[in-house]
Q: 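Once you've had a glance at the structure underneath, I'll fire off some questions.
Start at 1 with the first residue, then count along the sequence.
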Amino acid sequence: QVQLVESGGGVVQAGGSLRLSCAASGRTFGSYNMAWFRQAPGKERAFVAAISWSGGRTFHADSVKGRFTISRDNARNTVHLQMNTLKPEDTAVYYCAADERVVGPLRVGVRDYEYWGQGTQVTVSS
């Protein structure tokens, strides 16, 4: 198993930036593909970005492409989400997730990820 703890959320004005972090503990961090999801009030949890176990492959949702960047540091057991040019519609609780199936394409479904953090709130004011 792996335990995930997110940090870095907060309140920011539209156009600003935030960097989210997810610290992992437990089994070898490098054994997992990682992803960020978000859930806005009244909406379903949605895929944001994913990164392969080695960091060699990434995939971003169209809604954040060009503004958000996922990265990881396996030596420090962390995954990050750099969020630039934030918009009010980016307001949500952001979740870190781990997928132990590292073979094949990066997955984008909520049910594809076995382990989840508790989430961190991001609020973008207009």
Q: If the condition is side-chain hydrogen bond (donor to acceptor under 3.5 Å, both in side chains), which residues does Ser21 pass it with, not counting sequence neighbours?
A: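 side-chain hydrogen bond (donor to acceptor under 3.5 Å, both in side chains) list for Ser21, sorted by chain: His80.
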Q: Tell me the salt bridge (charged side-chain N to carboxylate O under 4.0 Å, His left out) pairs involving residues 60-70, sequence neighbours left out?
A: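 The answer is Asp62-Lys65, Arg67-Asp90.
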Q: Please list, chain by chain and in numerical order, all residues satisfying ring pair (Phe, Tyr, Trp, His ring centres under 6.0 Å) with Phe59, sequence neighbours excluded.
A: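 So Phe59 forms a ring pair (Phe, Tyr, Trp, His ring centres under 6.0 Å) with Phe47.
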Q: Quick one: closest heavy-atom pair of Met34 and Ala98, and the distance?
A: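 Met34 and Ala98 have their closest heavy atoms at SD-CB, 3.6 Å.
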Q: Got a donor-acceptor contact below 3.5 angstrom from the Asn77 side chain to the Thr28 backbone?
A: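 Here the side-chain-to-backbone pair does not exist.
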Q: Which residue pairs satisfy the disulfide bond (SG atoms under 2.5 Å apart) criterion with at least one member in residues 51-117, sequence neighbours excluded?
A: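 For residues 51-117, and leaving out neighbouring residues, the disulfide bond (SG atoms under 2.5 Å apart) pairs sorted by first residue read Cys22-Cys96.
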Q: Verify, without hydrogens or angle tests, whether Ser52 (side chain) and Arg57 (backbone) share a donor-acceptor contact under 3.5 angstrom.
A: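 Confirmed, Ser52 side chain pairs with Arg57 backbone.
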Q: Write down the atom of Phe37, the atom of Gly109, and the distance for their closest heavy-atom approach.
A: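 Heavy atoms only, the tightest pair is CZ-O, 3.7 Å.
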Q: Starting at CD1 of Ile70, measure out to NE2 of His60 and round the result to the nearest 0.5 Å.
A: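 Rounded to the nearest 0.5 Å, the CD1-NE2 separation comes to 6.0 Å.
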Q: Tell me whether Arg45 forms a cation-pi arrangement with Tyr95, defined as NZ or CZ under 6.0 Å from the six-membered ring centre and within 45 degrees of its axis.
A: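 That pair qualifies as a cation-pi contact.
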Q: Ignoring hydrogens, what is the shortest heavy-atom contact between Val102 and Ser31? Give both atom names and the distance.
A: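 Val102 and Ser31 have their closest heavy atoms at CG1-O, 3.2 Å.
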Q: Tell me whether Val93 is reachable from Leu86 by hopping between hydrophobic residues (I, L, V, M, F, W, Y) whose side-chain heavy atoms are closer than 4.5 Å.
A: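 Not linked; separate clusters.
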Q: Scan the side chains in residues 8-17 for donor-acceptor partners under 3.5 Å anywhere in the protein, sequence neighbours excluded, and list what turns up.
A:
{"unit_1": "Ser17", "atom_1": "OG", "unit_2": "Asn84", "atom_2": "OD1", "d": "3.0"}

Q: Write down the atom of Ala50, the atom of Leu106, and the distance for their closest heavy-atom approach.
A: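 That closest heavy-atom pairing would be O-CD1, 3.8 Å.
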Q: Using side-chain heavy atoms (C-beta onward) and a distance below 4.5 Å, is Phe29 in contact with Val79?
A: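 Contact flag for Phe29/Val79 side chains = yes.
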Q: Check whether any side-chain heavy atom of Asn33 sits under 4.5 Å from a side-chain heavy atom of Ile51, and report yes or no.
A: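 A side-chain contact is absent here, since even the closest heavy-atom pair is not under 4.5 Å.
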Q: Do Val110 and Gln39 have side-chain heavy atoms sitting under 4.5 Å apart?
A: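 Val110 does not reach Gln39 side chain to side chain.
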Q: Does the side chain of Trp36 come within less than 4.5 Å of Phe68's, by heavy atoms?
A: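 No, side chains not in contact.
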Q: With a 4.5 Å cut-off on side-chain heavy atoms, are Arg38 and Ser63 touching?
A: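 They are in contact (side-chain heavy atoms under 4.5 Å apart), so the answer is yes.
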Q: Just by distance, do the side chain of Arg107 and the backbone of Ala35 share a donor-acceptor pair under 3.5 Å?
A: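 Such a contact is absent between Arg107 side chain and Ala35 backbone.
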Q: Of all heavy-atom pairs between Glu100 and Tyr115, which one has the smallest distance, and what is that distance?
A: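 In terms of heavy atoms, the two residues are closest at OE1-OH, 3.7 Å.
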Q: Could you please spell out the steps behind the side-chain contact (heavy atoms from CB on, under 4.5 Å) verdict for Tyr94 and Gln121?
A: CA-CA 6 Å; Tyr94 283 72; Gln121 176 70 47; over 6 Å; no
Q: Is it the case that one hydrophobic cluster holds both Val48 and Tyr32, taking links as side-chain heavy atoms less than 4.5 Å apart, direct or via other members?
A: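 Yes, Val48 connects to Tyr32 through the hydrophobic network.
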Q: Contact between Arg19 and Leu81 at the side-chain level, heavy atoms closer than 4.5 Å - yes or no?
A: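 Of all side-chain heavy-atom pairs linking Leu81 with Arg19, none is under 4.5 Å.
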Q: Less than 4.5 Å apart, side chain to side chain, heavy atoms only: is that true for Val122 and Leu18?
A: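 Touching, per the 4.5 Å side-chain cut-off.
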Q: Does Glu6 reach the main-chain N or O of Gln118 with its side chain, forming a donor-acceptor pair under 3.5 Å?
A: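 Checked: pair present.
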Q: Name all pairs fulfilling the salt bridge (charged side-chain N to carboxylate O under 4.0 Å, His left out) condition that reach into residues 110-124, sequence neighbours left out, sorted by first residue then second.
A: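 Output for this query lists Arg101-Asp112, Arg101-Glu114.
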